[in-house]
Q: 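My questions all concern the structure below.
Keep in mind the model is a prediction, meaning the values are calculated, not measured.
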There are 2 protein chains.
Amino acid sequence: MTLNPNDPRVKKTRRGLQEAFVRLILKQGYDSISIQDIASEAQAARVTFYRHYRDKEELLTDCLNTLYEGLAEKTQRLSPQSLLEGRSPLSALYEHIEEQENLYHILFSSRGTQTVIERMRHHLALNALDALRTTGRAPQGGIPLDIVAYHTASAQLGLAMWWLEHGKPYPAAYMARVSLWLTLSGLLETMGAADMTLPPPPFPA
Amino acid sequence: MTLNPNDPRVKKTRRGLQEAFVRLILKQGYDSISIQDIASEAQAARVTFYRHYRDKEELLTDCLNTLYEGLAEKTQRLSPQSLLEGRSPLSALYEHIEEQENLYHILFSSRGTQTVIERMRHHLALNALDALRTTGRAPQGGIPLDIVAYHTASAQLGLAMWWLEHGKPYPAAYMARVSLWLTLSGLLETMGAADMTLPPPPFPA
DNA sequence: TTACAGAAATACATAGTGTATCATAAGCTC
DNA sequence: GAGCTTATGATACACTATGTATTTCTGTAA
């Protein structure tokens, strides 16, 4: 028997399980959580869990997929106007991390399924490739573009992870601009376009 | 009763458990492994496992700590001579990944304890800070040095992870040199020292 | 060789997993 | 609103894994 995802009872149960799961992970860590724990926290029967998810891993994936879709949507909504105002896919990333801080803590911990992080990195790498192409040049020394793209994406994602895990020592908006600037200044050099210069972002008050 | 780590029987048992564990992780993944599985694979009694480790996690940490110490040692052995020959801490990293490929696959998967990855990133960040200081300049726009260091370290570590997880599409030595070059060219720009130029590494035959 | 420390064998209490069955209640259709 | 459908709750059960205790066996070192 397969459940109807549009049934309000199903939606309610799933939402309850997901939210309970996140609460428990933050409280006691992933590994020590049992299915019973999740069901109790969600005030549902243990059997109900198995109607919806095969195991804990599947529930986690469901949570993180939802998270990723939120980010993707936020990124998509960037208008040409907002780009001119200094916003970028990195702004969307940092804002989203602040909005969904709890989930990102989980995602960035060793418990976050690698697939979701991988998707984010890939997404950032594609953005980097775009930026590379707009320079209209080939990289110095024939360095393969995939290397440059993943070098860049790793720097961006890793910096965001570092920022969150170290208690957000700088404002999100500043981080987004610095990350972009560090990236672009490196890329311009890499692409033999050091003649184009960018002003570094001002340090916030 | 606490075990004597120098007793040859203890060493043999621990080595057996660690090696069995690695084999099993590569064969069936981390989560589905039971203590019994490990003990059987190591041809030991299940009770014996509990004499040495509290749980799977502790055994994994033991394996990965050993791995990290191997890397640290390899990095330390870099002589000024080898640095002049174009080797760097990044060369040590890429070589070590090739030598211990199986373990690194585990470490870089979502199962690798974040603490070990964190230590590697921190290690690379310290190296980056060194490089920043040798320029004798302050970063443009007053960008905080910790941001620059972690941006750099993330790029280096993330690129190495990408490389391994994508089937090592380029030689390790080339990756080490490209990673260093991408890093330095970005840093020189960041530090307002774009007048110093570095030749990009030649693409390998 | 003897004394000791670690490993093996066995047993057991406990907890978690995954499934089946049936009763109840929420939501949709007419 | 009556009746049908479908999800949930409650209970039970078989099975697997965990963690510890106890006793016996074996490798190591004085």
Q: Looking at dG18(C), dA20(C), dA7(D), which one has an atom nearest to any side-chain atom of V47(A)?
A: dA20(C)
Q: Want to settle it: does V10(A) or D7(B) sit nearer the 5' end of DNA chain D, counting the closest nucleotide to each?
A: V10(A)
Q: Is the positively charged end of R119(B) above the ring of Y68(B), judged by distance under 6.0 angstrom from the centroid and angle within 45° of the axis?
A: yes
Q: Given dT20(D), dA12(D), dA29(D), identify the nucleotide with an atom nearest to the side chain of Y50(B).
A: dT20(D)
Q: What is the distance from CZ of F49(A) to P of dG16(C), rounded to the nearest Å?
A: 14 Å
Q: Would E19(B) and R15(B) pass as an ion pair if we require N to O under 4.0 Å?
A: no
Q: Distance check: side-chain N/O of T48(B) vs OP1/OP2 of dG6(C), anything under 4.0 Å?
A: no
Q: Rounded to whole angstroms, how far apart are CG on D37(A) and C1' on dG16(C)?
A: 10 Å
Q: Is the phosphate of dT8(D) approached by H52(A) (side-chain N or O, under 4.0 Å from OP1 or OP2)?
A: yes
Q: Mind calculating the distance between NZ (K56(A)) and P (dG18(C)) to the nearest angstrom?
A: 10 Å
Q: Between dG6(C), dA7(C), dT20(D), which nucleotide gets closest to the side-chain atoms of T13(B)?
A: dA7(C)
Q: Ignoring hydrogens and angles, does a donor from either the side chain of R9(B) or the base of dG27(D) sit under 3.5 Å from an acceptor on the other?
A: yes
Q: Tell me the closest heavy-atom pair linking P144(B) and Y174(A), and the distance in Å.
A: CD-OH, 3.3 Å
Q: Take atom OH of Y53(B) and atom C1' of dG19(D), then tell me their distance rounded to the nearest Å.
A: 18 Å
Q: Report the distance from atom CD1 of I38(A) to atom P of dG18(C), rounded to the nearest whole Å.
A: 11 Å
Q: Salt-bridge test for E95(B) and R87(B): reply yes if a basic N is under 4.0 Å from a carboxylate O, no otherwise.
A: yes
Q: Given that P8(B) and Q36(B) both sit by DNA chain D, which one's nearest nucleotide is further toward the 5' end?
A: Q36(B)
Q: Check whether the side chain of R51(A) and the base of dA7(D) form a donor-acceptor pair under 3.5 Å.
A: no
Q: Give me the atom names and distance for the closest heavy-atom approach of L93(B) to A160(B).
A: CD2-CB, 4.2 Å
